[in-house]
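Data first, discussion second: the structure below is written as structure tokens.
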Amino acid sequence: MRYAQGGGLTAERRAFRERVRREAAERFARGEENAVIAHDLRVSVRSVQRWHRAWAEGGASALASKGPASLPLLSEELFAVLERELDKGPLAHGWPDPTWTLSRIKTVIGRRFHKSYTVQGVAALLKRHGWSCQMPAGRAIERDEAAVRLGEGDLAARGRTAAALGAWLVFEDEAGFSMTPPTCRTWARRGRTPVVRVRGRSRRRLSIAALACYRPGRASRLLFRPSADARPDGRKSFAWTDYRDLIRAAHTQLGGPIVLVWDNLNTHLTAGMRRWSAGQDWLTIYQLPAYAPDLNPVEGIWSVLRRTTLANRAFADPQDLITAVRRGLRQLQYRHDVLDGCLTGTGLVPTPP
């Protein structure tokens with residue numbers, strides 16, 4: 001039995017198919033019906049019939065794989081060289097953005113090895129070696145990786161301190177939700193593009209501040225507070241007094257000391273907030289490194305909210321947006337596994353002392 005170019009299969013899949021054919025040969029020797037063998041092995045009857053003919057002519061050895069019909073254009077050694085070239089990134093090879101496409105990889109193969117691949121052949125080559133097309137994670141150019149690594153260690157130390165003191169480790173973040181819908185889809189007649197009418201005058205209609213609260217031995221908590229754009233003072237975002245009131249409410253509901261972790265938003269660093277927090281013996285505040293949202297589990301909560309409750313939805317009016325956001329956050333308050341998963345994504349898991 002042969003598979004051209006390995007059949008586009010990994011070594012594990014080729015070994016699996018080899019085991020299937022050997023089992024079929026054993027059942028041929030016992031005289032079982034082709035249809036029964038095909039049903040049990042989850043293969044087509046025609047494949048079993050073809051194996052039966054080969055087995056009848058040459059025995060079990062006729063079903064053994066003889067390897068690929070031809071050698072691949074890129075050997076394992078050359079593909080390792082290709083991986084090192086791809087690790088340099090598209091910018092190093094002259095492209096203006098840092099994303100790899102099949103056509104770009106095809107060009108790199110031609111330049112580096114003087115071998116011609118089709119786009120489909122490049123896709124099969126990459127899949128066979130464990131590559132896949134993925135959604136990249138964004139990182140700010142201004143991000144200081146050394147500071148982020150130091151922040152990760154400091155954050156882990158504070159997590160252990162919070163666990164030892166019996167304090168709640170609380171992460172805070174805020175997000176804005178607009179009337180402009182994300183990518184949504186709807187059914188319509190072919191050839192007639194449907195039109196979804198949304199409000200274009202105001203891009204941002206609702207601000208939400210949320211607290212993700214964790215403590216070893218206790219169920220994780222999610223607290224949030226919305227702030228609509230229409231405020232008496234005309235402000236469209238949270239003031240430091242709003243954060244103060246939210247932290248006070250969290251302290252009342254959690255019933256214990258708090259180690260608060262948030263970013264370097266200017267409202268967090270105001271003189272009023274500093275004076276107030278300095279007078280609270282139950283509150284310890286830690287600033288995250290700059291441009292490091294991946295260390296904040298609340299960012300993961302916003303992502304889950306946008307991919308579930310708010311996905312594929314065009315809002316009719318501001319009240320519809322507010323209702324949808326509130327409903328989605330209330331549902332997440334009961335999904336402790338999701339909240340814990342967002343914390344695990346940051347690499348920090350508080351453990352009991």
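No experiment lies behind these values; they were computed from the predicted model shown. Throughout, residue positions are numbered sequentially from 1 according to the sequence presented.
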Leu254 versus Cys213: any side-chain heavy-atom pair under 4.5 Å?
yes

Under the salt bridge (Lys or Arg N to Asp or Glu O under 4.0 Å) rule, what pairs show up with a residue in residues 318-328, not counting sequence neighbours?
Arg313-Asp320

Residues forming a side-chain hydrogen bond (donor to acceptor under 3.5 Å, both in side chains) with Gln120, sequence neighbours excluded:
none

Stepwise side-chain contact (heavy atoms from CB on, under 4.5 Å) check, Leu82 with Phe113:
CA-CA 9 Å; Leu82 175 63; Phe113 306 105; 3.9 Å; yes

Arg30: salt bridge (charged side-chain N to carboxylate O under 4.0 Å, His left out) partners, not counting sequence neighbours:
Glu32

Leu265 side chain near Phe238 side chain, heavy-atom distance below 4.5 Å
no

Taking the side chain from His93 and the backbone from Glu85, do they hold a donor-acceptor pair closer than 3.5 Å?
yes

Any side-chain to backbone donor/acceptor pair from Tyr214 onto Leu339? Under 3.5 Å, distance only.
yes

Partners of Arg307 by side-chain hydrogen bond (donor to acceptor under 3.5 Å, both in side chains), sequence neighbours excluded?
Ser303

Could you check if a side-chain atom of Gln253 sits within less than 4.5 angstrom of a side-chain atom of Trp168, using non-hydrogen atoms only?
no

Verdict with supporting geometry, Asp40 and Glu23, side-chain contact (heavy atoms from CB on, under 4.5 Å):
CA-CA 10 Å; Asp40 294 344; Glu23 184 176 351; over 6 Å; no

Do Val45 and Trp51 sit in one hydrophobic cluster, given that two such residues count as connected whenever their side-chain heavy atoms are within less than 4.5 Å of each other, even indirectly?
no

Listed by chain and number, what are the side chain to side chain contact (heavy atoms under 4.5 Å, CB included) partners of Thr270, not counting sequence neighbours?
Trp240, Met273

State the CG-CD distance between Asp242 and Glu174, to the nearest 0.5 angstrom.
11.0 Å

Counting only heavy atoms not in His39 (residues, nucleotides, ligands), do more than 12 fall under 6.0 Å from its NE2?
no

Can you find a heavy atom in the side chain of Glu299 that is under 4.5 Å from one in the side chain of Asp173?
yes

Nearest heavy-atom contact between Ala64 and Glu18 is CA-OE2, 3.2 Å

Interatomic spacing from OG in Ser47 to CZ in Arg21 - rounded to 0.5 Å:
10.5 Å

Do Ile301 and Leu305 come close enough that some side-chain heavy atom pair is under 4.5 Å?
no

Considering all heavy atoms, the nearest Ser61-Gly58 contact
OG-O, 3.2 Å

Residues which pass side-chain hydrogen bond (donor to acceptor under 3.5 Å, both in side chains) with Glu77, listed by chain and number, not counting sequence neighbours:
Ser75

So do Arg215 and Arg221 actually touch side chain to side chain, heavy atoms under 4.5 Å?
no

For Phe177 and Ile208 the tightest heavy-atom approach is CE1-CG1, 4.0 Å

List the steps, then state whether side-chain contact (heavy atoms from CB on, under 4.5 Å) holds for Ile247 with Leu283.
CA-CA 9 Å; Ile247 298 170; Leu283 177 62; 4.2 Å; yes

Which heavy atom of His251 sits nearest a heavy atom of Gly256, and at what distance?
CD2-O, 3.0 Å

Side chain of Thr346, backbone of Cys342: donor and acceptor closer than 3.5 Å?
no

State the CG-OG distance between Asn34 and Ser44, to the nearest 0.5 angstrom.
11.0 Å

Nearest heavy-atom pair of Ile109 and Leu125: which atoms, and what distance?
CD1-CD2, 4.2 Å

What heavy-atom pair brings Arg225 and Ala249 nearest, and what distance separates the two atoms?
NH2-CB, 4.0 Å

Non-neighbouring partners of Thr308 that pass side-chain hydrogen bond (donor to acceptor under 3.5 Å, both in side chains), sequence neighbours left out:
none

Determine yes or no for a side-chain-to-main-chain donor-acceptor pair under 3.5 angstrom, with Arg27 supplying the side chain and Ile37 the backbone.
no

Test of understanding: with side chain to side chain contact (heavy atoms under 4.5 Å, CB included), list the residues that count as partners of Arg104, not counting sequence neighbours.
Pro90, Trp95, Pro96, Asp97, Thr99, Trp100, Thr101

So, using ring pair (Phe, Tyr, Trp, His ring centres under 6.0 Å) as the criterion, who are the partners of His268 when residues are at least two apart?
Tyr243, Trp262

Test log, rule side-chain contact (heavy atoms from CB on, under 4.5 Å), inputs Leu102 and Leu126
CA-CA 9 Å; Leu102 293 177; Leu126 295 176; 3.9 Å; yes

Does the side chain of Leu74 reach to within under 4.5 Å of the side chain of Tyr117, using non-hydrogen atoms?
yes

Name all residues meeting the side chain to side chain contact (heavy atoms under 4.5 Å, CB included) criterion together with Ala210; count only those two or more places apart in sequence or in a different chain, and write none if there are none.
Leu222, Phe224, Val298, Trp302

Under the 3.5 angstrom rule, does the side chain of Asp340 hit a backbone N or O of Asp337 as a donor-acceptor pair?
no

Side chain of Gln287, backbone of Asp263: donor and acceptor closer than 3.5 Å?
yes

For Phe28, check ring pair (Phe, Tyr, Trp, His ring centres under 6.0 Å) against everything at least two apart and list the hits.
His52, Trp55

Would you please name every residue forming a side chain to side chain contact (heavy atoms under 4.5 Å, CB included) with Phe16, sequence neighbours left out?
Arg13, Arg19, Val20

Is a side-chain donor or acceptor of Arg274 paired with a backbone partner of Leu269 at a separation under 3.5 angstrom?
yes

If Ile, Leu, Val, Met, Phe, Trp and Tyr residues are connected whenever their side-chain heavy atoms lie under 4.5 Å apart, and connections chain through other members, are Trp282 and Ile285 in the same group?
yes

Within a radius of less than 6.0 Å around CD of Glu33, do more than 12 heavy atoms belonging to other residues, nucleotides or ligands occur?
no

Nearest 0.5 Å, please: how far is CG in Leu78 from CG in Leu73?
10.0 Å

Side-chain contact, heavy-atom cut-off 4.5 Å: Glu172 with Leu260?
yes

